[in-house]
Amino acid sequence: MRAMLLDAPGAPLRLAQIPVPRPGSGEVVVKVEACGVCRTDLHVVDGELPDPKLPLVPGHEIVGRVAALGEGVTGFTLGARVGIPWLGHTCAECRYCRAGRENLCEQALFTGYTRDGGYAEFALADARYCFPVAESYGAAEAAPLLCAGLIGYRSLRMAGEGRLLGIYGFGAAAHIVAQVAAHEGWRLFAFVKPGDEAAKEFALSLGAEWAGGSDEAPPELLDAAIIYAPAGPLVPAALRAVAHGGRVVCAGIHMSDIPSFPYDLLWHERSVHSVANLTRADGEEFLALAPKVPVVTTVETLPLEEANEALARLREGRLTGAAVLVMDTG
């Protein structure tokens, strides 16, 4: 099968022919139809996340069809449509797993990071960590739901019960969570890279009532803010934008250093939270909710062999919505 391989952090991906994986006990092989290109993929490829499996097939927003079933797999049949997310395996025994917090498992494996992912024609996955995907979505349109959507959903749940929500960084995750937040009655305020008029218009088209630069103050103090851009200086900026008791949620797996800031920004019971991975419960809840909203994803598709171009466009901010690699499914 064809796959895009990372041989070393910082190196471009190379197109290679590798064997189609065979399922072990509890595993499925999925014929990949589409795989989203996520900012986490950038962090892996650029070496900002340590110790990836090498050589590595990146990608963790995978949509496809079950092509082979390992021994003991239940709940899926050949040809079933599934999604493979970032969280690929947990130990089920540690203090976090036993408490229903498997996203914090210290023995977890991650798709496209510590196990091979979906920048390939076939992907191998632990069946317990795969999700059914609604047939109402096209494969490319569904792919961003598997991480941008799931992390967006978890970050929105962490934002609490307020009604004024700021979103910093209006890319793949933000354009999905904005639709869910509007559906749930939040008033939305979008913060984009200063001078990015296209991003402002995109945010306003998705229900934001105000859009401005990340260096601007919103017209009203917010109840919560979610930061999707991996820029540490946005943390004190967001703290300035939230009211007393407000929450700032950092939704990325990697962020540049947060500069020092006066305690006064944190006082009055403001708080800063990080989001780590996802749980299977997050996936089940969000993927059931998305078609009801309905969440409509904005995607730009590229063929598998243009994965490096997709990553470059994401790195340089030259995307509207999400980039998705599509496979020849003939």
Looking at every non-hydrogen atom in both residues, tell me the closest pair between [X] and [Y] and how far apart they are.
X: Met1; Y: Pro21; result: CE-CD, 3.9 Å
X: Cys250; Y: Val235; result: SG-CG2, 3.9 Å
X: Leu289; Y: Glu184; result: CD2-OE2, 4.2 Å
X: Ala127; Y: Val73; result: CB-CG1, 3.8 Å
X: Gly166; Y: Phe191; result: CA-CE1, 4.0 Å
X: Val242; Y: Ala224; result: CG1-C, 4.1 Å

Quick check for you: to the nearest 0.5 Å, what is the distance between [X] atom [atom1] and [Y] atom [atom2]?
X: Glu121; Y: Glu33; atom1: CD; atom2: CD; value: 12.5 Å
X: Cys147; Y: Glu61; atom1: SG; atom2: CD; value: 5.0 Å
X: Ser136; Y: Glu141; atom1: OG; atom2: CD; value: 10.5 Å
X: His273; Y: Ile227; atom1: NE2; atom2: CD1; value: 12.0 Å
X: Leu222; Y: Leu239; atom1: CG; atom2: CG; value: 11.0 Å
X: Tyr119; Y: Met327; atom1: OH; atom2: CE; value: 9.0 Å

Note to self: For Leu165 and Leu156: C-alpha separation, side-chain torsions, deciding distance, then whether side chain to side chain contact (heavy atoms under 4.5 Å, CB included) applies.
What the structure shows: CA-CA 9 Å; Leu165 176 67; Leu156 182 61; 3.8 Å; yes
Side-chain heavy-atom pair [X], [Y] within 4.5 angstrom cut-off:
X: Pro236; Y: Ile258; answer: yes
X: Cys94; Y: Gln107; answer: no
X: Pro23; Y: Val28; answer: no
X: Val37; Y: Leu311; answer: yes
X: Leu146; Y: His60; answer: no
X: Val66; Y: Thr77; answer: no
X: Thr279; Y: Leu87; answer: no
X: Leu188; Y: Leu206; answer: no

Contacts of Ala92 meeting side-chain contact (heavy atoms from CB on, under 4.5 Å) (sequence neighbours excluded), chain-then-number -> none
For Arg14, the side-chain contact (heavy atoms from CB on, under 4.5 Å) test, sequence neighbours excluded, returns Leu5, Asp7, Ala16
May I ask whether [X] and [Y] are part of the same hydrophobic cluster, defined by side-chain heavy atoms of I, L, V, M, F, W, Y residues being less than 4.5 angstrom apart, directly or through others?
X: Tyr96; Y: Val275; answer: no
X: Leu104; Y: Tyr129; answer: no
X: Phe122; Y: Leu6; answer: yes
X: Val248; Y: Ile253; answer: no
X: Met158; Y: Leu164; answer: no

Do other residues, nucleotides or ligands put more than 12 heavy atoms under 6.0 Å from the [atom1] atom of [X]?
X: Arg280; atom1: CZ; result: yes
X: Lys193; atom1: NZ; result: no
X: Glu316; atom1: CD; result: yes

Measure from the side-chain N and O atoms of [X] to the backbone N and O of [Y], and report whether any donor-acceptor pair falls under 3.5 Å.
X: Glu209; Y: Arg187; result: no
X: Glu300; Y: Leu319; result: no
X: Tyr113; Y: Pro50; result: yes
X: Gln179; Y: His175; result: yes
X: Asp116; Y: Val57; result: yes
X: Glu216; Y: Gly213; result: yes
X: Arg2; Y: Gln17; result: no

Problem - side chain to side chain contact (heavy atoms under 4.5 Å, CB included) assessment of Leu304 paired with Met4 - result: CA-CA 7 Å; Leu304 174 63; Met4 297 298 294; 3.7 Å; yes
Are any of the side-chain nitrogens in [X] or [Y] under 4.0 Å away from the carboxylate oxygens of its partner?
X: Arg115; Y: Asp126; value: no
X: Asp223; Y: Arg163; value: no
X: Arg65; Y: Glu135; value: yes
X: Arg157; Y: Glu285; value: no

Q.
Let's go through Phe76 and Val30 carefully: what are the C-alpha distance in whole Å and the side-chain angles of both, what is the deciding distance for side chain to side chain contact (heavy atoms under 4.5 Å, CB included) to 0.1 Å, and is it a yes or a no?
A. CA-CA 11 Å; Phe76 292 113; Val30 173; over 6 Å; no
Ignoring hydrogens and geometry beyond distance, is a side-chain donor-acceptor pair present between Tyr137 and Thr297 at under 3.5 Å? no
**Request:** Classify the angle between the aromatic ring planes of Trp86 and Phe110 as parallel (below 30°), tilted (30 to 60°) or perpendicular (above 60°).
**Result:** parallel
ask   = Between Phe202 and Phe170, how do the two ring planes meet: parallel, tilted or perpendicular, split at 30° and 60°?
value = perpendicular
By ring-ring contact (aromatic ring centres under 6.0 Å, His included), Phe286 pairs with (sequence neighbours left out) Tyr153
With Arg154 as partner, the option from Asn103, Val177, Asn277, Val249 fulfilling side-chain contact (heavy atoms from CB on, under 4.5 Å) is Asn103
